[in-house]
Amino acid sequence: MAKNQKQFVEEITPMEVDFAQWYTDVIKKTDMVDYSPVKGFMVIKHYGYAIWENIQAYMDRRFKETGHKNMYFPLLIPESLLQKEAEHVEGFAPEVAWVTHGGDEELAERLCVRPTSETIICSMYAKWLSSYRDLPFLYNQWCNVVRWEKSTRPFLRTSEFLWQEGHTLHETYDEAQEETLKMLNVYRETAENLLAMPVVIGRKTDREKFAGAYATYTMEALMHDGKALQAGTSHNLGQHFTKAFEIEYQDREGKQQHPYHTSWGVSTRLIGGIIMVHGDNRGLSLPPGIAPIQAVIVPIAAHKGGVNEAAAKIFEELKPTFRMELDDREQYSPGWKFNEWEMKGVPLRIEIGPRDLEQEQVVLFRRDTLEKETCSLDQVKQRVGELLETIQKNLLEKAREMRDQKTHVVHDEETFKRIMKETPGFVKAMWCGDEDCEERVKTETGATIRCIPFEQEKLGDTCPFCGKPAEQMVYYAKAY
RNA sequence: CUGGCUGUGGCGCAGUUUGGUAGCGCGCUAGAAUGGGGUUCUAGAGGUCGCAGGUUCAAUUCCUGUCAGCCAGACCA
């Protein structure tokens with residue numbers, strides 16, 4: 001055998017060595033994305049888009065189960081609408097794209113490409129709402145938005161991204177708050193149950209909250225490199241927008257009232273999270289819940305004694321139940337295919353060759369543990385189902401362990417700085433609640449308060465940075 | 001936006017210092033054998049060197065500008 005073995009698929013940079021490069025390698029080599037001619041705008045290729053479709057299918061069902069209906073609002077928003085809510089414009093104006101011409105003619109009023117749709121939706125809600133009997137409004141839309149980003153990275157921060165945004169109106173503050181937390185909880189369940197991605201949930205500090213929100217709640221996940229990813233947010237918008245947009249209804253006493261408002265969204269950024277939470281040196285490792293291909297069948301020595309036929313038969317048997325691929329390409333060797341599908345993160349591989357046929361069995365290979373086992377032909381369907389469930393759970397478990405191992409409790413500034421530098425991850429610490437203190441930590445360490453978690457622990461009585469009394473525990477991390 | 005690096009067949013790269021019109025590996029096509037961890041042999045096809053301008057008899061090579069990407073940072077729901 002020649003010493004220079006051919007490399008059909010380029011090696012992936014080991015993730016321990018250079019995580020950023022690893023990420024770029026993986027997404028390009030697995031047909032997740034490609035770059036378009038315009039900076040920050042990515043083509044989502046079939047393998048990446050299939051993951052998005054699976055996320056959509058699950059979440060859309062959950063939204064409908066919780067009483068929401070889908071609508072679609074326009075891409076373009078008149079400048080005057082965007083400017084109605086002061087904090088909101090200030091937050092978004094620097095990163096909106098403008099349409100100034102229609103054909104050759106300059107528009108009387110320029111139009112922004114939606115960076116988010118609160119304004120256009122509120123302008124419509126104002127027309128549609130008249131009585132308390134109309135409430136609540138529970139609507140969602142799946143769409144794209146554009147935010148002119150200075151530095152971009154596929155899935156994690158792109159100038160255009162796909163997402164869903166829910167926008168609801170309620171009679172009372174309490175109802176709006178309940179909705180805000182209910183949808184955050186749907187997000188958390190999606191992250192944990194579907195994406196196998198553990199998250200910390202809590203409230204954003206005022207510094208970090210959404211432009212125009214009364215309160216922002218978030219789920220934060222931790223990546224392999226110790227950086228946090230804001231994976232979804234749910235905002236209680238109070239009456240900020242409903243007053244600005246003059247959304248009014250007649251209440252039970254016949255008085256005019258402004259309703260309470262929420263919005264919540266997750267985006268294709270989740271795909272980046274899945275890649276960075278589960279991936280390893282062989283490439284992707286996808287949770288069965290969203291994997292475009294849940295199991296791939298690789299026939300070995302396919303021409304010999306009925307192997308092809310047996311593989312095809314298993315394929316037909318499993319296809320109605322699982323997302324399957326039969327890799328009967330003749331130009332590649334089995335070994336090549338093994339590596340290819342591992343890189344693409346297919347959770348389960350089914351090998352079948354002459355030796356298996358003799359013994360009426362197949363070989364099952366798990367991507368998450370790299371373990372092989374044999375399974376008799378008549379048990380394959382059942383065993384595949386079991387293993388996919390096991391893999392789904394194991395990935396969540398492994399991700400939890402990784403996160404816990406990268407989560408530290410800190411009581412003093414020196415330790416905090418050392419951890420952020422040497423072994424970055426989540427740091428749990430008490431916080432005085434002072435925005436200046438929060439700002440100083442960010443400037444000096446690059447870490448921000450990711451959230452004030454719902455699950456509080458009393459780690460001490462004072463803030464590690466200023467020594468002032470502290471009542472809240474927060475999670476700090478460097479973030480994407 | 002700042003700093004560093006990069007752009008040459010589909011992919012990865014060499015060539016650029018000392019200008020003379022392009023080379024390698026993989027992939028691709030055809031045929032044959034092989035097939036349980038990136039298979040072998042034979043014969044082929046394919047690029048004008050990111051884009052624009054300049055210098056020159058002549059530019060992939062030198063100069064200017066510009067676009068795009070990577071890495072780090074600043075900024076950013």
Side-chain angles (χ1 to χ4, degrees), chain A residues 1-2 4-13 18-25 27-29 33-42 87-96 114-118 145 147-154 156-157 159 161 163 165 204-213 216-218 230-235 237 263-267 269 282 298-304 307-308 328-343 349-359 361-363 365 370 372 374 442-443 446 448 478-480:
Chain A
M1 179 64 64
N4 298 331
Q5 274 207 329
K6 289 181 187 175
Q7 296 194 328
F8 288 84
V9 178
E10 297 300 321
E11 289 296 330
I12 295 165
T13 307
D18 187 345
F19 192 72
Q21 196 61 53
W22 171 88
Y23 180 81
T24 310
D25 285 353
I27 54 170
K28 277 165 76 177
K29 286 171 184 167
V33 296
D34 203 351
Y35 299 96
S36 83
V38 185
K39 178 177 164 58
F41 288 75
M42 273 74 194
E87 277 182 43
H88 188 69
V89 203
E90 199 188 322
F92 281 102
E95 52 182 18
V96 296
R114 63 184 164 211
T116 178
S117 303
E118 275 75 9
V145 291
R147 297 178 188 180
W148 215 262
E149 297 286 353
K150 288 179 178 143
S151 69
T152 58
R153 187 182 293 238
L156 300 174
R157 171 158 269 113
S159 293
F161 54 90
W163 78 344
E165 46 181 327
K204 283 287 187 191
T205 63
D206 284 349
R207 190 185 174 284
E208 299 277 331
K209 75 180 182 188
F210 177 75
T216 289
Y217 299 86
T218 180
Q230 178 177 301
T233 46
S234 186
H235 316 289
L237 301 169
S263 74
W264 25 275
V266 299
S267 72
R269 176 183 259 195
R282 295 191 185 206
V298 179
I300 290 151
H303 297 311
K304 288 182 184 163
V307 170
N308 257 340
D328 54 6
R329 292 175 295 177
E330 291 184 16
Q331 67 270 39
Y332 297 119
S333 68
W336 193 95
K337 292 175 181 176
F338 294 171
N339 283 284
E340 158 114 334
W341 294 116
E342 281 164 28
M343 181 177 71
R349 178 172 78 233
I350 302 171
E351 304 172 18
I352 181 159
R355 269 188 264 157
D356 301 307
L357 271 190
E358 275 174 33
Q359 300 179 48
Q361 64 172 32
V362 296
V363 173
F365 173 91
L370 308 178
K372 275 185 182 183
T374 56
K442 178 178 163 43
T443 310
T448 50
K478 292 184 183 174
Y480 270 99

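All chains are named by letter (A, B, ...) in the order of the sequence lines, taking the proteins before the strands, and each is independently numbered beginning at 1.
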Please tabulate, one pair per line, each protein N/O and nucleotide N/O from nucleotides 67-75 of chain B that are separated by under 3.5 Å, including the distance.
from	atom 1	to	atom 2	distance (Å)
B:rG69	OP1	A:Gly40	N	3.2
B:rC70	OP1	A:Tyr35	OH	2.8
B:rC70	O2'	A:Gln21	OE1	3.2
B:rC71	OP1	A:Ala20	O	3.1
B:rC71	OP1	A:Thr24	OG1	3.0
B:rA72	OP2	A:Arg153	NH2	3.3
B:rA74	N6	A:Ser151	OG	3.0

Kindly write out the residues that satisfy salt bridge (Lys or Arg N to Asp or Glu O under 4.0 Å) with A:Arg349, not counting sequence neighbours, or none if the list is empty.
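Counting only residues at least two positions away or on another chain, A:Arg349 forms a salt bridge (Lys or Arg N to Asp or Glu O under 4.0 Å) with A:Glu342, A:Glu351.
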Would you please name every residue forming a salt bridge (Lys or Arg N to Asp or Glu O under 4.0 Å) with A:Arg269, sequence neighbours left out?
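Here no residue qualifies.
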Hey, does [X] reach any base, or is it just sugar-phosphate, or nothing, if we go heavy atoms under 4.0 Å?
{"X": "A:Arg269", "answer": "nothing"}
{"X": "A:Glu342", "answer": "base"}
{"X": "A:Gln230", "answer": "base"}
{"X": "A:Phe365", "answer": "base"}
{"X": "A:Val363", "answer": "base"}
{"X": "A:Lys209", "answer": "sugar-phosphate"}
{"X": "A:Glu95", "answer": "sugar-phosphate"}

Test of understanding: with side chain to side chain donor-acceptor pair (under 3.5 Å), list the residues that count as partners of A:Tyr217, not counting sequence neighbours.
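Here the qualifying residues are A:Gln177.
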Where is the tightest heavy-atom contact between A:Gln361 and A:Thr374, given as atom of each residue plus distance?
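Here A:Gln361 and A:Thr374 meet closest at NE2-CG2, 3.6 Å.
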Taking all non-hydrogen atoms of both residues into account, name the closest pair between A:Leu237 and A:Ser263 and its distance.
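For A:Leu237 and A:Ser263, the tightest heavy-atom pair comes out as CD1-OG, 3.6 Å.
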When A:Thr216 is tested against each of A:Lys209, A:His235, A:Gln230, A:Glu208 for side-chain hydrogen bond (donor to acceptor under 3.5 Å, both in side chains), which residue passes?
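When side-chain hydrogen bond (donor to acceptor under 3.5 Å, both in side chains) is applied between A:Thr216 and each of A:Lys209, A:His235, A:Gln230, A:Glu208, only A:His235 qualifies.
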Applying side-chain hydrogen bond (donor to acceptor under 3.5 Å, both in side chains) to A:Asp18 and A:Thr13, what does each step give before you reach the verdict?
CA-CA 7 Å; A:Asp18 187 345; A:Thr13 307; over 6 Å; no
Quick one: [X] [atom1] to [N] [atom2], roughly how many Å, whole number?
{"X": "A:Asp34", "N": "B:rG10", "atom1": "CG", "atom2": "P", "value": "13 Å"}
{"X": "A:Ile300", "N": "B:rG36", "atom1": "CD1", "atom2": "C1'", "value": "5 Å"}
{"X": "A:Glu358", "N": "B:rG36", "atom1": "CD", "atom2": "P", "value": "16 Å"}
{"X": "A:Asp328", "N": "B:rG35", "atom1": "CG", "atom2": "P", "value": "19 Å"}
{"X": "A:Glu330", "N": "B:rU39", "atom1": "CD", "atom2": "P", "value": "15 Å"}
{"X": "A:Leu370", "N": "B:rG37", "atom1": "CG", "atom2": "C1'", "value": "12 Å"}

[atom1] atoms of [N] and [M], separation to the nearest Å:
{"N": "B:rC67", "M": "B:rG53", "atom1": "C1'", "value": "14 Å"}
{"N": "B:rC26", "M": "B:rA43", "atom1": "P", "value": "14 Å"}
{"N": "B:rG10", "M": "B:rA45", "atom1": "C1'", "value": "13 Å"}
{"N": "B:rA22", "M": "B:rC49", "atom1": "C1'", "value": "8 Å"}
{"N": "B:rU56", "M": "B:rG15", "atom1": "P", "value": "29 Å"}
{"N": "B:rC57", "M": "B:rG19", "atom1": "C1'", "value": "12 Å"}
{"N": "B:rU40", "M": "B:rU34", "atom1": "P", "value": "15 Å"}
{"N": "B:rG44", "M": "B:rA52", "atom1": "P", "value": "35 Å"}

Tell me, do A:Glu118 and A:Phe210 make a side-chain contact under 4.5 Å, heavy atoms counted?
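In contact.
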So does A:Ser333 get a side-chain nitrogen or oxygen closer than 4.0 Å to the phosphate oxygens (OP1/OP2) of B:rG35?
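Checking A:Ser333 against B:rG35: no side-chain N or O falls below 4.0 Å of OP1 or OP2.
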Check whether any side-chain N or O of A:Tyr332 sits under 4.0 Å from OP1 or OP2 of B:rU34, and answer yes or no.
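Checking A:Tyr332 against B:rU34: no side-chain N or O falls below 4.0 Å of OP1 or OP2.
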Stems where RNA chain B pairs, listed by first number, each of three or more Watson-Crick or G-U pairs under 3.5 Å:
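Consecutive-pair runs (3 or more) involving RNA chain B: B:1-7 with B:67-73, B:10-13 with B:23-26, B:28-33 with B:39-44, B:50-54 with B:62-66.
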Side chain of A:Glu340 only, heavy atoms from C-beta on: which candidate in B:rG35, B:rG38, B:rG37 is closest?
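Output: B:rG38.
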Using a 3.5 Å distance criterion without hydrogens, assess whether the side chain of A:Tyr23 forms a donor-acceptor pair with backbone atoms of A:Pro154.
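Pair found, side chain donor or acceptor close to backbone of A:Pro154.
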Tabulate atom names and distances for all N/O pairs under 3.5 angstrom spanning the protein and nucleotides 42-50 of chain B.
none

